[in-house]
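Residue numbers begin at 1 in each chain, while the letters A, B, ... track the order of the sequences.
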There are 2 protein chains.
Amino acid sequence: MPPKTADYDALRRDLIALLGEKGVVDDSETLSPFLKDQRGRYEGQTPFMIRPANTEEVSRAVALCAEAGVPLVPQGGNTGLVAGAVPFPEDGAVLINLGRMNRVRNLDPTDYSITVEAGCILQSVQQAAEAVDRLFPLSLGAEGSCQIGGNLSTNAGGIHVLRYGNARDLVLGLEVVLPDGRVWDGLTALRKDNTGYDLKHLFIGGEGTLGIITAATLKLFPRPRETAVAFIAVAGPAAAVDLLARAREASGDRVAAFELIPRIGLDFALRHVNGIEDPLAETHDWYVLTELASGQADGSLRPVLEDLLASACEDGLVIDAALAANERQAAAFWHIREGLVEGQKFEGGSIKHDVSVPVSKVPSFLDQALTLVKEMVPGIRPVPFGHLGDGNIHFNLSQPEDADREAYLGRWDEVNHAVHSLVVDLGGSISAEHGIGFMKVAENTRFKAPLEIEMMQRVKAALDPKNLMNPGKVVPR
Amino acid sequence: MPPKTADYDALRRDLIALLGEKGVVDDSETLSPFLKDQRGRYEGQTPFMIRPANTEEVSRAVALCAEAGVPLVPQGGNTGLVAGAVPFPEDGAVLINLGRMNRVRNLDPTDYSITVEAGCILQSVQQAAEAVDRLFPLSLGAEGSCQIGGNLSTNAGGIHVLRYGNARDLVLGLEVVLPDGRVWDGLTALRKDNTGYDLKHLFIGGEGTLGIITAATLKLFPRPRETAVAFIAVAGPAAAVDLLARAREASGDRVAAFELIPRIGLDFALRHVNGIEDPLAETHDWYVLTELASGQADGSLRPVLEDLLASACEDGLVIDAALAANERQAAAFWHIREGLVEGQKFEGGSIKHDVSVPVSKVPSFLDQALTLVKEMVPGIRPVPFGHLGDGNIHFNLSQPEDADREAYLGRWDEVNHAVHSLVVDLGGSISAEHGIGFMKVAENTRFKAPLEIEMMQRVKAALDPKNLMNPGKVVPR
């Protein structure tokens, strides 16, 4: 809770002296969008937001807040989906936005590494790599506005995890400002360094509760020279899982993406988003959008995909398929995948889940979960889609067409809890990608082993003994 | 130091009651090999060694020791190279050997995962994967005797890091017995799970100082269907680095291994190891042993390698090369790489380093380091070899032929420190693969930022407040 004795006026003066007038924002109209989460479910409060320009300013600002006993909430692009960057009224926390820190500090194509500041927009990092004929493979829907610091703090996933791993797998080193303001310089481009505990992994996925990531050295990869994309009508989720195994084998493990799409998702996209076309002649219940990628431009991928689909068709896994003939068509297929996310916004309230189960359990999960939610809410319109290749389904449920939106959304926790129980029984996770933030703290405590919660609390206490860094997020108070 | 009030007799009785007579070893002859490190430079002491059969026994044994205030030193295959598993006299620690815990608990080819107990020999894990047409890619010299628990505790590297990453990158989940005996069940086969801090990364590379890894769920991969191996005489280290970049590009990033070998290493192997032949007609100063691997058996790799070598030859990077015509020849090339390690044992004292620098700095490092050591010890015979693809050079220095072995080895710390200073100046690591153990604790403190040491000490204090788990290793007391 806000320390009663905290002198916010003195702190504000000190921060203005440090950052300049434009570095401290307290105008409520300007602040408003920074205080709301991406889905509009939470609205926070802060005495002021600060916008440091570099690591030194972050360090000194954090030190000032720490001395004043005032907590901080770090924020990047504010595209998070679990209210992890929302400052809650009871904390009296200063919001610290990293958006001004957007420099690329170093780019080394020979060593396949790039060092960027936390406020770099993800798309900019992708483009900086592309400019030197390298690939930074992290790719997700929000990439035009999310910032790399936030991506690392939440261990973002995205569409390429199957091939390149999560954000965690793409980091060589970090620079972090600790809760007392001291700067840990853990930046390194080394691939092999066993000189003590690998501390960066606490801050990656730490959601800003242990320190503020200010810069990172990231891994780059050779660019794919050839891709083959297909939009495939599959017999069902089990067929999709089989098809994935065949695709990995047939392509020499060159499957870069493998996304599940239900018919209703395509319908929503067709209905509400411009420029969407159904790639196939007839209507089908389940689709897979897959992309193979190769480091060699030898024309070998397309025949691989064609043969794969032909034999899968003979075996009844695949009903129909469209192979992208060129990049424009490939982009059109991906537009459907983005469109189904957009389209849901126009179909009333949506109760959402971000769950994962072992890949082989996805068909069973969908079967049981769909039955469950249809019983709980007759007329519910499920839109389960996502990263089938990692077992990560965004199990989103649009309201019955005639339901009252608020009443429907009022059942969010009840439905979540039922679905989560099923997920955990199947050995899955209640938050595959999005993190815990504020939104899932209580739910996580219901499912996670108490010992593990205790271990997290010990680590938190060790690095942030005064609980000044994003209090109330991730780890129960 | 050994708690003066510790009642070892009572503890021993309790442990025999728990583990049975054969679970507790105090016969000095039997104990002897377990008390020495792999290189014979350290010899430890323990009141007794315990050998639990399963996680439950580990848990209870650790709890008993914790209650008695007696520290523990965990040990796997005892192949470590920094005395990390040697129990030192002053600690009065019980040695806990995991070798009996060698079950494969689960194998899931569809999900590409395997769950094994800590005492499984690495080669057994590789073979279990092979039996279901999968690959577990961790591969190092000691694989016939090292145990997976130790590999994970030390974040082992090996020859395939370039392609598959370190041990850290191969772990999906861990089961760990904490310093108070409680069991953290973090086993999971999920690829995506953002439900709190990623605690496994503290134990991986933690070298047994935060808890004892008892089981792990590991990632499997599709097996390569085709490999192409070549033994190449290169113009020098700089040419080797260029060749690596070309190889990654030309092969679509399918370089699985890229090892640097100096002439003297080949000579040592020829001189001392059976069945070694020089693959090339003439003598050269520097060699690269490389392996490309593809998931597809389409005959495409060999032409890629041939073309690569042909153009590298035209450009003066490559002087001569032998492509393995079949698996037997490929194995013979790899035998040279193993032979040069063996061969050094017969050439007197060897002062060793396990360093890494950014790949692009390897030529500069070798240049400067070789000059440096030749000045320090006239007649020294350097044998720098290793994982060039990761910037990790085992910079081993055989004594001058006429030198006194003990006098030479007496200069170990002096030479190490000079080389390490150079490495750190180049942005490198003083322990690329082997870890800190006991051997490099003091040296690490000289080079690592005090803040980072402090952070490690805080984490250690948080999870092992009584300093019972492998005291004196990794983190300065």
Within a strict 4.5 Å, meaning less than it, do heavy atoms of the A:Leu451 and B:Val183 side chains meet? no
Pick whichever of A:Val359, A:Val441, A:Thr209, A:Asn155 has the most heavy-atom pairs under 4.5 Å with chain B. A:Asn155
Atom group of B:Asp108 that falls short of 4.5 Å from chain A, counting heavy atoms: side chain
Any non-hydrogen side-chain atom of B:Arg168 less than 4.5 Å from a side-chain atom of A:His201? yes
Side chain, backbone, both or neither: which part of A:Pro109 has an atom under 4.5 Å from a heavy atom of chain B? neither
Heavy-atom contact with chain B under 4.5 Å, split by part of A:Ala250: backbone
Is there a side-chain contact between B:Leu202 and A:Asp198 (heavy atoms, below 4.5 Å)? no
Of the backbone (N, CA, C, O) and the side chain (C-beta and beyond), which part of A:Asp193 lies under 4.5 Å from a heavy atom of chain B, both, or neither? both
Using a 4.5 angstrom heavy-atom cutoff, name the option from B:Ala432, B:Ser300, B:Gly252, B:Gly157 with the most pairs to chain A. B:Ala432
Side chains of B:Met455 and A:Arg182: does their closest heavy-atom pair fall under 4.5 Å? no
Quick one: CZ on A:Arg191 to CG on B:Asn166, what's the gap to the nearest 0.5 Å? 10.5 Å
Chain A contact via B:Ser113 - side chain, backbone, both or neither, heavy atoms under 4.5 Å: neither
Quick check on the interface: out of B:Lys361, B:Glu226, B:Lys448, B:His387, who has the most heavy-atom pairs with chain A under 4.5 Å? B:Lys448
Check each atom of B:Leu178 against the heavy atoms of chain A and say whether the ones under 4.5 Å are side chain, backbone, both or neither. side chain
Measure distances from B:Leu190 to the heavy atoms of chain A and classify the residue's part below 4.5 Å as side chain, backbone, both or neither. side chain
Is it the backbone or the side chain of B:Thr154 that comes under 4.5 Å from a heavy atom of chain A, or both, or neither? backbone
Pairwise distance CZ(A:Phe221) to CZ(B:Arg248) - rounded to 0.5 angstrom: 8.0 Å
Report the option among A:Val459, A:Asp133, A:Leu210 that has the most heavy-atom pairs separated by less than 4.5 Å from atoms of chain B. A:Leu210
Less than 4.5 Å apart, any side-chain heavy atom of A:Ile436 and any of B:Thr195? yes
Considering only heavy atoms, which portion of B:Val357 lies under 4.5 Å from any heavy atom of chain A: side chain, backbone, both, or neither? backbone
By a 4.5 Å heavy-atom criterion (distance strictly below it), what part of B:Ser294 contacts chain A: side chain, backbone, both, or neither? neither
If one checks every heavy atom of A:Glu443 against chain B at 4.5 Å, the contacting part turns out to be neither
Region of B:Asp111 that comes under 4.5 Å of a non-hydrogen atom in chain A: side chain
Would you say the side-chain atoms of A:Arg458 pair up with the backbone N or O of B:Ala462, donor to acceptor, closer than 3.5 Å? yes
Where is the tightest heavy-atom contact between B:Met456 and A:Tyr197, given as atom of each residue plus distance? SD-N, 3.1 Å
Hey, which of A:Asp185, A:Val474, A:Asn444 has the most heavy atom pairs under 4.5 Å with chain B? A:Asn444
Can you tell me which portion of A:Tyr112 sits under 4.5 Å from chain B's heavy atoms? Options are side chain, backbone, both or neither. side chain
Measuring heavy-atom distances to chain B, does A:Lys440 have an atom under 4.5 Å in its side chain, in its backbone, in both, or in neither? neither
Evaluate side chain to side chain donor-acceptor pair (under 3.5 Å) for A:Ser429 paired with B:Lys192, printing each intermediate quantity in order. CA-CA 8 Å; A:Ser429 164; B:Lys192 288 172 110 166; over 6 Å; no
Is A:Arg225 close to B:Glu249 at the side-chain level, that is, under 4.5 Å between some pair of heavy atoms? yes
When heavy-atom pairs shorter than 4.5 Å are enumerated against chain B, which of A:Gly206, A:Ser251, A:Pro224 gives the highest number? A:Ser251
Out of A:Gly196, A:Ala461, A:Ala245, A:Gly389, which one racks up the most heavy-atom pairs below 4.5 Å with chain B? A:Gly196
Go through the side-chain N and O atoms of B:Asn194 and A:Ser431 and say whether any donor and acceptor fall under 3.5 Å apart. no
What part of B:Val475 lies closer than 4.5 angstrom to a heavy atom of chain A: side chain, backbone, both or neither? side chain
Can you tell me which of A:Glu207, A:His434, A:Arg254, A:Lys200 forms the most heavy-atom pairs within a distance under 4.5 Å of chain B? A:Arg254
Non-hydrogen atoms of chain A under 4.5 Å away: do they reach the side chain of B:Arg223, the backbone, both or neither? neither
At a heavy-atom distance under 4.5 Å, which candidate from B:Thr110, B:Asp354, B:Asp242, B:Val161 has the highest pair count against chain A? B:Val161
